[in-house]
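In what follows, a single structure is set out as structure tokens and then discussed.
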Amino acid sequence: MKIRSFRLRIALLFAMLAGGALAGFGSISWWLIHEAKVSRLDAKLEALLSRPHPPREDILQSYLPSFEQLLPQELGTGKETPIALLVRERDGKTLYQSELWSADFNLNGLWPSQPKFLPSQFHRRDRQRPPNTPGISQPPLDRLFPLEPPLDRPPPHPKLVTQRTKTGTWRIGAIAFHESQIAIAVSLQGIDREMAIIRDVFLISIPIVLLIITTSAWVLSYGALRPIRELVVAIRQVTVKGLDQRVPIAATDTEFVELIQVFNQMLERLERSFKQASRFSGDAAHELKTPIAILQGELERTLQKAEPGSKLQQNLSNLLDEVSRLSGIVRKLLLLSLADAGKMNLHQVEVNLSEILAEMVEDMELLAPHLQVIAEITPRLKVKGDHDLLTQVLQNLFSNAIKYNLPEGWMRINARQQGKTVLVTISNSSPEIPTSDRDRIFDRFYRGDPARTRKVEGTGLGLSLAKEITIAHNGKLTLDSTPPNQTSFTLSLPVRAIRNS
């Protein structure tokens, strides 16, 4: 599913990038901390295993228990961490084994074979005495470290491995001397506990940091998209009367300059085109008024001279009707051009809509006697506006209700005041209007489905002109949602407020 919000996509992208970075940072940091703790333990194990040679068998029984007690202090693990010790001779005989030593420990490969040395090859080397521990007796230093291998032989090096057993994870260090072998196993449960705490800290802190980053990205994207919002405001104001709007570029970010420049250039072209089209339609309608008026006058005079009932009189009458229709079209075009230019002159007076509607309802008995008319008109519905233009709007709505009605249909007029708005709803039975026609019903010269409008006279200018007149009065004209086989228009006009022209 594609996210339609660009701002939300930016915030989520920041969240994904930050989440990946934080998860990677947390994982690497956790691993480095764990390795650092294990490396520190390894260093202490190596130092402890490399420092003394195992004592002779005659002092093992007294020394090794004390040595085992010193291991937590030497390794810095604390008394709660299990530590196991194993000491045996080169032939495999066990000299000492801790109670914690597990049979699951695998020591294969940890004790490589070492060459045997003759006694004459050994020498003594002074070593620093281990620190005294209260309560633990220690044998003499020369008995603990009696002999050293020859100087030309490399000293043994401890081997370290990690093993998992039934009792947990252990770090095992082992070293083999010329006479004996030593292995120390340290449980990693203390390190595991510390790493679990660090992991929990990461699991809590990373989502919090991620939420902060996402929120910050959401807030910052609001400011980053400010030029887009300004562009949207300017686009909303792009009407026939708002083509002079321009989006300022001075304070705009560099990334949006080209977009706004293109938009401003588009507005300039639209403004120029609309002015040319409006000027053309206005000039054409104005120029056609005079010849049409002359033609209409000549036809009327010739019609008066024609013999009554003759074919000439009938032809002249038909021509006069077409000229009158053409005159109406020219007058509508002139009003629309004035509306486009914002120059529709309104003769503002107090208009009693209730009286106009009542007169039109009375005329319905003559214009459409076959229709059932239901009128619900609230008395004294008054607005301020142009009496003739508002009358034309209502006449257009009545005319459409008659022309597009069903045989033996009905028509309903409802006029009322709601707050500071007068609402006039004109409904009628009619064939169903397709959705595509509903969206374009107020377009100029649009008459909908030809199959529906073929037998109905009209130019497609009535509703568009009615809407322009309504807008000039700060009102609204809308096509309502209705059940099938029904059409309804609602005219909304403010009671007093009106745009000055």
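Considering only heavy atoms from C-beta on, Q296 comes within 4.5 Å of L320 through its side chain. Between I83 and W170, every side-chain heavy-atom pair lies at or beyond the 4.5 Å cut-off. Within the 4.5 Å cutoff, the side chain of I433 has no heavy atoms near those of the Y404 side chain. The shortest distance between side-chain heavy atoms of V495 and L381 does not fall below 4.5 Å. Taking the side chain as every heavy atom from C-beta outward, P494 and K420 never approach each other to under 4.5 Å. For the pair L477 and L397, the minimum side-chain heavy-atom distance is below 4.5 Å. A heavy-atom distance below 4.5 Å is not found between the side chains of K44 and T77. A 4.5 Å side-chain heavy-atom check between L463 and N396 finds every atom pair outside the cut-off.
No more than 12 heavy atoms of other residues, nucleotides or ligands lie within 6.0 Å of CZ in F14, so this atom counts as exposed by the packing criterion. Counting non-hydrogen atoms of other residues, nucleotides and ligands closer than 6.0 Å to CE of M266 gives a total above 12.
Judged by distance alone, the side chains of T421 and S492 never bring a donor and an acceptor atom under 3.5 Å apart. Side-chain polar atoms of N414 and R412 form no donor-acceptor pair below 3.5 angstrom. Between the side chains of D104 and T165, no donor-acceptor pair of N or O atoms lies under 3.5 Å.
The structure places CD1 of I208 at 12.0 Å from CD1 of I213, a figure rounded to the nearest 0.5 Å. Atoms CG and OG1, on L390 and T470 in that order, are 7.5 Å from each other to the nearest 0.5 Å. Rounded to the nearest 0.5 angstrom, R380 CZ and K382 NZ are separated by 7.5 Å. Between I469 atom CD1 and L493 atom CG the span is 11.0 Å, to the nearest 0.5 Å. Here the OG-CD distance, from S464 to E468, works out to 7.5 Å after rounding to the nearest 0.5 Å. Between the OG1 atom in T487 and the CG atom in L479 there is a gap of 7.0 Å [rounded to 0.5 Å].
At distances below 3.5 Å, not a single donor-acceptor pair connects side-chain atoms of Q417 with backbone N or O atoms of L423. In terms of modelled atom types and a separation under 3.5 Å, the side chain of S216 and the main chain of I212 share a donor-acceptor contact. No donor-acceptor pair under 3.5 Å is formed between the side chain of D480 and the backbone N or O of T482. Judged by distance alone, with hydrogens and angles left aside, the side-chain atoms of S221 form a donor-acceptor pair with the main-chain N or O of W218 at under 3.5 Å. A donor-acceptor contact shorter than 3.5 Å links the side chain of H473 to the backbone of D386. In this structure, the side chain of S399 does not engage the main chain of Q395 through any donor-acceptor pair within 3.5 Å.
Residue pairs meeting the ring pair (Phe, Tyr, Trp, His ring centres under 6.0 Å) criterion with at least one partner in residues 24-44, sequence neighbours excluded, are W30-H34. Every pair passing salt bridge (charged side-chain N to carboxylate O under 4.0 Å, His left out) that includes a residue from residues 301-320 is listed here, sequence neighbours excluded: E298-R301.
Nearest heavy atom pair, residue A415 against residue L357, reads CB-CD1, 3.6 Å. Nearest heavy atom pair, residue G385 against residue V351, reads O-CG2, 3.5 Å. In terms of heavy-atom proximity, L210 sits nearest to A15 at CD1-O, 3.2 Å. Of all heavy-atom pairs between A368 and I402, the closest is CB-CG2, 4.1 Å. Smallest separation of non-hydrogen atoms from A11 and T214: O-CG2, 4.1 Å. Closest heavy-atom contact between A358 and I377: N-CD1, 4.2 Å.
Partners of A401 according to the side-chain contact (heavy atoms from CB on, under 4.5 Å) rule, which considers only residues two or more places apart in sequence or in another chain, are M411, I426, N428. Partners of N405 according to the side-chain hydrogen bond (donor to acceptor under 3.5 Å, both in side chains) rule, which considers only residues two or more places apart in sequence or in another chain, are S429. Partners of E300 by salt bridge (Lys or Arg N to Asp or Glu O under 4.0 Å), not counting sequence neighbours: none found. Residues satisfying the salt bridge (Lys or Arg N to Asp or Glu O under 4.0 Å) criterion with E80, sequence neighbours excluded, are absent altogether.
Remark: E194 engages K37 in a salt bridge, criterion side-chain N to carboxylate O under 4.0 Å. By the 4.0 Å N-to-carboxylate-O rule, D42 lies close enough to R171 to be salt-bridged with it.
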> For I172 and I184, what are the C-alpha separation, side-chain angles and deciding distance, and is it a side chain to side chain contact (heavy atoms under 4.5 Å, CB included)?
Replying inline: CA-CA 6 Å; I172 302 177; I184 301 176; over 6 Å; no
> For I413 and E376, what are the C-alpha separation, side-chain angles and deciding distance, and is it a side chain to side chain contact (heavy atoms under 4.5 Å, CB included)?
Replying inline: CA-CA 6 Å; I413 300 98; E376 298 176 358; over 6 Å; no
>> Would L353 and V383 count as a side chain to side chain contact (heavy atoms under 4.5 Å, CB included) here? Give the steps.
In response: CA-CA 7 Å; L353 294 180; V383 297; 4.1 Å; yes
> Given the rule in the side chain to side chain contact (heavy atoms under 4.5 Å, CB included) test, do T425 and S427 qualify, once you have shown the distances and angles that lead to the verdict?
Replying inline: CA-CA 6 Å; T425 301; S427 307; 3.8 Å; yes
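With respect to T81, the side-chain contact (heavy atoms from CB on, under 4.5 Å) criterion is satisfied by exactly one of I191, V186, L188: V186.
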